[in-house]
Amino acid sequence: RRGGGTAVCAGGAAMSSTHHPKRSGPDAYYTPDDVARACVRTLGNLRGLTVWEPHAGAGAYVRALSDAGAHVVASDIDGRHRGLWRGADVSLVVDFLDAKIPHNPEWVVGNPPFGDAEAHVRRALDVASVGVAFLLRLAMLESAERRKLWAETPLAEVHVCVDRVGFLED
């Protein structure tokens, strides 16, 4: 959260990011709807706030955020599933790391590609005026390489999925 310079991170236990032969696109592991809804519930009242979901994929977070009353800006580097972003006020096919900031979001929420997660976390922290909530592997917290990131931006909360999350494939 901007005020305290911290991010909210939803972590998952035992999430697999290993290469799968059917994997679609760069780090494309789509979040199940129930997981997105659970993550969004941890954020409190989003009614009327603008939230950018920059990794919209199959739209689970877009739907959960819209159901929570947020004004949703949905984007993804791959627009094949754009039709599933029901509830988005704006939808864009852009690379989050290079995109022009749309509609001054209070929050940035979603499931970034693990292979480039730190860059996505840093970008989200630069963009969001209130907070960032990403679904990430717990391994994101334990790397010595990321010590500087977490020292600069201590986490406000970490929510751990105790059950293994089964990501959806295209």
Side-chain angles (χ1 to χ4, degrees), residues 1-3 5-12 15 17 20 22-137 140 149 153 156 159 165 167-170:
R1 298 174 200 239
R2 279 269 167 191
T6 58
V8 176
C9 177
M15 286 191 238
S17 71
H20 189 283
K22 292 184 179 179
R23 193 171 93 187
S24 63
D27 255 354
Y29 294 96
Y30 300 128
T31 309
D33 283 282
D34 60 331
V35 174
R37 283 191 304 273
C39 290
V40 168
R41 278 194 304 270
T42 69
L43 303 179
N45 186 5
L46 297 175
R47 187 159 305 283
L49 297 180
T50 299
V51 181
W52 185 3
E53 208 301 37
H55 320 97
Y61 277 98
V62 175
R63 291 184 291 279
L65 292 163
S66 177
D67 290 348
H71 298 291
V72 182
V73 175
S75 70
D76 200 296
I77 196 167
D78 180 352
R80 288 179 298 148
H81 300 295
R82 194 174 186 174
L84 298 175
W85 303 348
R86 293 183 301 277
D89 296 288
V90 176
S91 65
L92 309 164
V93 177
V94 295
D95 182 343
F96 175 58
L97 297 178
D98 299 323
K100 181 177 182 275
I101 300 169
H103 305 279
N104 300 315
E106 281 96 357
W107 281 88
V108 176
V109 175
N111 178 4
F114 183 74
D116 205 12
E118 183 173 345
H120 286 255
V121 168
R122 287 185 180 282
R123 170 75 166 147
L125 290 167
D126 286 342
V127 168
S129 63
V130 174
V132 173
F134 279 165
L135 179 66
L136 298 165
R137 293 181 51 200
M140 181 72 182
L149 170 64
T153 317
H159 300 272
V165 175
F167 287 92
L168 308 175
E169 294 183 69
D170 195 22

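- Contacts classified as salt bridge (charged side-chain N to carboxylate O under 4.0 Å, His left out) and involving residues 57-70 (residues at least two apart or in different chains) are given here: D33-R63.
- No side-chain donor-acceptor contact under 3.5 Å links D76 to the backbone of V93.
- Expressed to the nearest 0.5 Å, how far OG1 of T50 lies from CG of N104 amounts to 8.0 Å.
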- prompt: Checking side chain to side chain contact (heavy atoms under 4.5 Å, CB included) for the pair F134/V109: CA distance, chi angles, key distance, verdict?
  reply: CA-CA 6 Å; F134 279 165; V109 175; 5.8 Å; no
message: Run V132 and T153 through side chain to side chain contact (heavy atoms under 4.5 Å, CB included) and show every step you take.
response: CA-CA 11 Å; V132 173; T153 317; over 6 Å; no
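- The side-chain heavy atoms of H71 and L49, taken from C-beta on, include no pair separated by under 4.5 Å.
- Residues V121 and L149 form a side-chain contact, since some pair of their non-hydrogen atoms from C-beta on lies under 4.5 Å apart.
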message: With side chain to side chain contact (heavy atoms under 4.5 Å, CB included) as the criterion, how do D116 and L97 come out once you've worked through the C-alpha distance, each side chain's angles and the decisive distance to 0.1 Å?
response: CA-CA 10 Å; D116 205 12; L97 297 178; 3.3 Å; yes
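- Remark: side-chain polar atoms of D89 are not paired, donor with acceptor, to backbone N or O of V73 under 3.5 angstrom.
- Here Y61 and H55 keep their ring centres 6.0 angstrom or further from each other.
- In plain terms, the two heavy atoms of A58 and H81 that are nearest each other are CA-CB, 4.2 Å.
- In this structure, SG on C39 lies 9.5 Å from CG on D34, to the nearest 0.5 angstrom.
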message: Please evaluate residues L135 and T31 with respect to the criterion side chain to side chain contact (heavy atoms under 4.5 Å, CB included), reporting the C-alpha separation (whole Å), side-chain torsions for both, the decisive distance (0.1 Å), and the verdict.
response: CA-CA 9 Å; L135 179 66; T31 309; 4.0 Å; yes
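- A donor-acceptor pair under 3.5 Å is formed between the side chain of R123 and the backbone N or O of F96.
- Contacts classified as salt bridge (charged side-chain N to carboxylate O under 4.0 Å, His left out) and involving residues 38-59 (residues at least two apart or in different chains) are not found.
- Formation of a donor-acceptor pair under 3.5 Å by the W85 side chain with backbone atoms of G57 is found in this model.
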